[in-house]
Each structure stands twice: as C-alpha cells, then as structure tokens.
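Here the structure is a predicted model, which is why all the values come from computation and not from measurement.
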Amino acid sequence: MDRPRIVDRGWRSGVGGLPWWAHVLAIFVLSRVVTTTIVLLFAQAQGQNPWTGANPPYLSYAAIWDGNWYKIISFSGYPSTLPITADGHVGESAWAFMPVYPFVVEGIRFVTGASWELVAVTVSVLCSAGAALVFYKLMEHVLKNRGAALFSVVLLTVAPLSPLLQFAYAEAMQLLLLVSALYLVVTRRYAWVFPIVAVMALTRPTGLAFALFIALHVVHRFVRRARDPFPVSERITTCLLAVFSGVMGLAWLLIAWAVTGSLTAYTDTELAWRAAYIGYGELVPFTAWFQSGTWWLGEPLGAIVVVGIVIGFAVFLVLPPVKRLGVDLRLWLLSYALYLFAVFFPQSSVFRLLLPMFPALGALALPRSIVYRVGIVLVCIAGQVGWMAIGWGVDGADWTPP
C-alpha cells in the first residue's frame with residue numbers, strides 16, 4: 001500500500017523536492033534559451049525580405065510570414081469584399097486567418113501602448129508556458145509516470161516546431177486551448193470544454209476535428225458502458241459537446257459568408273494558397289494529399305507514398321508505446337489526421353499543421369535510457385535548425401512558407 005508513496009518521495013527527492021510546476025517552467029525557460037539562440041543566429045544571417053530589412057531584430061523577425069497577416073487583422077479587421085485575381089479567382093486575404101489571436105493581441109496593445117510585435121510574441125510565450133504546464137498534467141494522467149510526463153514536456157519544448165511557441169503566430173494559443181480541452185475530456189469534466197471549444201475553433205481551424213473526436217469518444221464510452229459506467233447526464237453532455245464543436249467548426253465559414261456575401265468565402269480564400277502549386281480548383285475532400293503527392297513526386301510514386309503514409313499512421317496508432325497514451329488521445333490523433341487528410345494540401349507548412357498531434361510525444365518519452373533521451377533531444381534541436389532553414393528563413397522569392 002505504501003509503494004506509490006515511496007516512489008513519489010523518491011521521484012521528488014530526485015528532482016530536488018520542488019513542485020511539479022517549477023520543474024515544468026524550468027524546462028520551458030531552458031528550452032527558450034536554446035530556441036532563442038537559434039532564432040537570433042538566423043536573424044543575423046537574414047537578408048532583406050518582404051517584411052524586414054537585413055539582420056532584423058528579434059521581434060521583427062518573429063513577426064514575419066503569417067505574423068504580418070495577423071498584424072493586418074489587428075489594425076484593419078477583415079475585408080467586406082474578397083480580392084479577385086486578374087484571372088477572376090478569389091485571391092489571398094485575411095479571411096484565411098481566424099480572429100481570436102489577433103484581436104487579443106490588439107486589445108492588449110491598445111491598453112498597454114506597447115508595440116504590436118512585443119505583445120504578439122509575449123502572448124505566444126505566455127500561452128506556450130501555460131500549455132507546457134497543462135501538457136505535463138495530461139501526460140501524468142495518461143502515462144502514470146512523472147518522469148515520462150516531465151520528459152514529454154522536454155520534447156514538446158525542444159521539438160523542431162518549437163520556435164513557433166515564441167513567434168507572432170496563433171499556434172501557441174491553439175496549443176494551450178487544445179491541451180486544456182483534451183485534459184478536461186480525459187478527466188471527464190465535459191462542461192468546462194464548451195467555452196474552450198468556442199474560443200479554440202476561432203483561433204485555429206480545429207472545431208470539426210474536435211467534433212469528430214468527441215463523437216468517437218461518445219461511441220467508445222457507450223460501447224464500454226458495462227465496464228465503465230456512462231451515466232445519462234454524461235451521454236447528454238458529450239453529445240451536445242460534439243454538436244457544439246461541429247457548429248463552432250463551421251462558425252468561421254458562416255461569419256465570412258455573412259460579411260462578404262459569399263458562402264464559399266473562407267474555403268475559396270484557403271484554396272488561393274494552394275493555387276501556386278496546382279492552380280485553382282474546387283475543394284474536394286480526401287483528394288488534396290494525392291494531388292500533392294503527384295505534384296511533388298509524379299505518378300504513380302506520389303499516390304504510392306500517400307497510401308504508405310496512411311498505412312504507416314494506422315500501424316503507428318496500435319504500437320504499444322502509443323497505446324500507453326490511452327484510447328482518448330489516440331482517438332484525437334485519428335480525428336485530427338482524418339481532418340488533415342480530408343482538407344489539407346501538403347506543402348512546406350505541413351509540419352506546422354502537424355503541431356496539434358503533440359500528444360504523440362508522450363509515446364516517445366517512455367524509454368528511460370539516458371543515451372536515448374539525450375539523443376532525441378539533440379535530434380529535436382537539430383530539427384529546429386532544419387525547420388528554421390527550410391521554413392522560416394526567407395531566401396529571395398521564397399516558396400516554402402512555414
């Protein structure tokens with residue numbers, strides 16, 4: 001009976017007896033030192049580009065690419081008329097970006113008088129720190145191992161995409177909202193998820209994927225109700241949550257329609273970004289990955305690789321370390337993967353779009369070998385350098401947006 005308490009005392013003494021949140025924040029701060037150093041080195045090597053001059057300061061460099069779109073939204077809002085290209089198609093506009101992050105940044109900027117870039121980066125860093133804290137609690141809950149939970153946080157904060165945690169992008173805010181929603185679902189505090197979903201679905205496009213996740217969660221709990229009671233009150237709440245998430249997943253499309261008068265304003269705007277690769281066309285679900293495979297690799301290799309990715313992901317979900325994450329987190333991974341497969345055209349920003357699959361890091365955190373853990377951290381840091389070089393750094397007329 002005393003064994004868990006002894007293990008707990010041993011773990012606490014091994015890490016200095018400080019509270020869990022202190023260790024999580026220490027990991028977060030150390031990771032930011034590493035990432036900031038990498039970013040500053042890239043900023044010093046950055047030439048003149050569409051957003052900054054050569055060798056830009058950190059805050060300016062952290063707000064390029066989509067950061068500029070968020071800044072436009074903060075100051076000017078959304079256009080009531082969709083831009084039309086010379087050949088008559090809907091062009092790129094602010095409607096591709098959801099409002100919560102830029103409006104929060106603008107509200108704080110208005111109150112404080114600070115520069116937009118400073119506020120945007122600060123909001124991202126604070127959201128990232130909060131996400132790291134909640135992620136630890138989520139991993140502790142599903143893995144039942146504090147050491148693995150802490151190392152999961154290490155992997156999250158040094159991951160190749162972790163520079164985004166301190167850039168003027170909405171991803172850090174999305175991460176905080178999503179990890180909070182997942183933690184509340186796995187701990188079955190469903191009522192608290194409603195307000196989070198309402199905000200999350202207007203931060204980044206995750207509402208439909210989350211609706212599918214909740215629907216699958218309901219089915220799983222109903223099937224297992226004999227072994228794991230599923231009270232009527234929870235059945236009603238979760239079904240309502242699935243419907244609410246679906247409605248919120250469509251909310252931005254409806255808002256864009258109401259403002260512009262075009263039902264397809266949002267989807268047409270999103271399609272404008274893939275036009276540079278395959279030209280303009282309709283949004284046909286579950287075709288974009290095959291189109292991308294053909295564009296990158298040709299036929300039939302592109303389609304073969306896509307099928308291989310699908311099979312590989314299915315196998316990944318049933319690997320023993322991944323099964324340790326529990327059914328709920330695997331259902332989320334499946335739901336989000338299906339959403340991406342249905343609507344996203346893979347190109348250089350595919351790495352950023354994979355960020356919501358962060359719960360998978362828990363599976364990578366399970367091995368206890370020091371050699372393994374040091375090695376994977378070094379690989380992740382090298383991945384940051386690679387992602388900065390491929391995605392964030394601007395080289396002339398750059399066609400590899402992050």
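Because its NZ or CZ atom is not both nearer than 6.0 Å to the ring centre of Y277 and within 45° of the ring axis, R274 does not count as a cation-pi partner of that residue. The side-chain tip of K137 does not point at the ring of W21 from less than 6.0 angstrom away and within 45° of straight on. A cation-pi geometry, defined here as NZ or CZ lying under 6.0 Å from the six-membered ring centre and within 45° of its normal, holds between R373 and F151.
Taking the side-chain hydrogen bond (donor to acceptor under 3.5 Å, both in side chains) definition, one finds that S74 meets it with W116, sequence neighbours left out. Evaluation of the side-chain hydrogen bond (donor to acceptor under 3.5 Å, both in side chains) rule for E117 yields K71 as partners, not counting sequence neighbours. When the side-chain hydrogen bond (donor to acceptor under 3.5 Å, both in side chains) test is applied to S124, the partners found at least two apart in sequence or on another chain are Y101. Every residue two or more places apart in sequence or in another chain was checked for a side-chain hydrogen bond (donor to acceptor under 3.5 Å, both in side chains) with R224, and none qualifies.
P356 has its side chain within reach of Q174: a pair of non-hydrogen atoms, C-beta onward, lies under 4.5 Å apart. Looking only at side-chain heavy atoms (C-beta outward), L150 and I27 come within less than 4.5 Å of each other. Looking only at side-chain heavy atoms (C-beta outward), Y78 and V259 stay at 4.5 Å or farther from each other. M139 has its side chain within reach of F135: a pair of non-hydrogen atoms, C-beta onward, lies under 4.5 Å apart. Side-chain contact check for E171 versus L355: some heavy-atom pair is nearer than 4.5 Å. Side-chain contact between Q46 and Y61 is present, with heavy atoms from C-beta onward closer than 4.5 Å.
No donor-acceptor pair closer than 3.5 Å links the side chain of T264 to the backbone N or O of T267. With hydrogens and angles ignored, the 3.5 Å screen pairs a side-chain donor or acceptor of R221 with a backbone N or O of P229. When atom types are taken as modelled, the side chain of S60 and the backbone of P56 share no donor-acceptor pair closer than 3.5 angstrom. Counting only distance, with no hydrogens or angles, the side chain of Q384 and the backbone of P163 share no donor-acceptor pair below 3.5 Å. With hydrogens and angles ignored, the 3.5 Å screen pairs a side-chain donor or acceptor of R330 with a backbone N or O of L317. Judged by distance alone, the side chain of S369 and the main-chain N or O of Y372 form a donor-acceptor pair under 3.5 Å. A donor-acceptor pair under 3.5 Å is absent between the side-chain atoms of S76 and the main chain of I73, judged by distance alone.
Residue-environment remark: CH2 (W192) stays at or below the threshold of 12 foreign heavy atoms within 6.0 Å. Heavy atoms from other residues, nucleotides or ligands lying under 6.0 Å from CZ of R225 number more than 12. Around the CH2 atom of W257, the shell of radius 6.0 Å holds no more than 12 heavy atoms that belong to other residues, nucleotides or ligands. Other residues, nucleotides and ligands place more than 12 heavy atoms under 6.0 Å from the CZ atom of F313. Within 6.0 Å of CZ on F290 lie more than 12 heavy atoms contributed by other residues, nucleotides or ligands. More than 12 heavy-atom neighbours from other residues, nucleotides or ligands sit within 6.0 angstrom of NZ on K144.
In plain terms, the two heavy atoms of V185 and Y190 that are nearest each other are O-CE2, 4.0 Å. When all heavy atoms of P402 and R352 are compared, the closest pair comes out as O-NE, 3.2 Å. Summarising the geometry of A288 relative to F345, their closest heavy-atom pair is O-CD1, 3.6 Å, with the distance given to 0.1 Å.
Salt-bridge formation is detected for the pair D228/R188: a Lys NZ or Arg NE/NH1/NH2 atom is positioned less than 4.0 Å from an Asp or Glu carboxylate oxygen.
For residues 36-58, the set of pairs meeting the ring pair (Phe, Tyr, Trp, His ring centres under 6.0 Å) definition, not counting sequence neighbours, comprises W51-W65. Sorted by first then second residue, the salt bridge (Lys or Arg N to Asp or Glu O under 4.0 Å) pairs that include residues 91-109, not counting sequence neighbours, are E106-R109.
Relative orientation of the F244 and F194 rings is tilted, given thresholds of 30° and 60° on the angle between their planes. The aromatic rings of F213 and F210 stand perpendicular to each other, their planes meeting at an angle above 60°, with 30° marking the opposite boundary. Ring geometry for W95 against W252 counts as tilted: the plane angle lies between 30° and 60°, on a 0 to 90° scale.
A distance below 6.0 Å separates the ring centres of W273 and F97.
Side-chain contact check for S128 and Q166: no donor-acceptor pair (N or O, by modelled atom type) lies under 3.5 Å. Defined by atom type and a distance below 3.5 Å, a donor-acceptor pair is missing between the side-chain atoms of Y136 and H141.
To the nearest 0.5 Å, atoms NE2 (H217) and CG (L331) are separated by 9.0 Å. Rounded to the nearest 0.5 angstrom, D328 CG and I214 CD1 are separated by 8.0 Å.
Each of L178, L177, L176 was checked for a side-chain contact (heavy atoms from CB on, under 4.5 Å) with I196, and the lone residue meeting it is L177.
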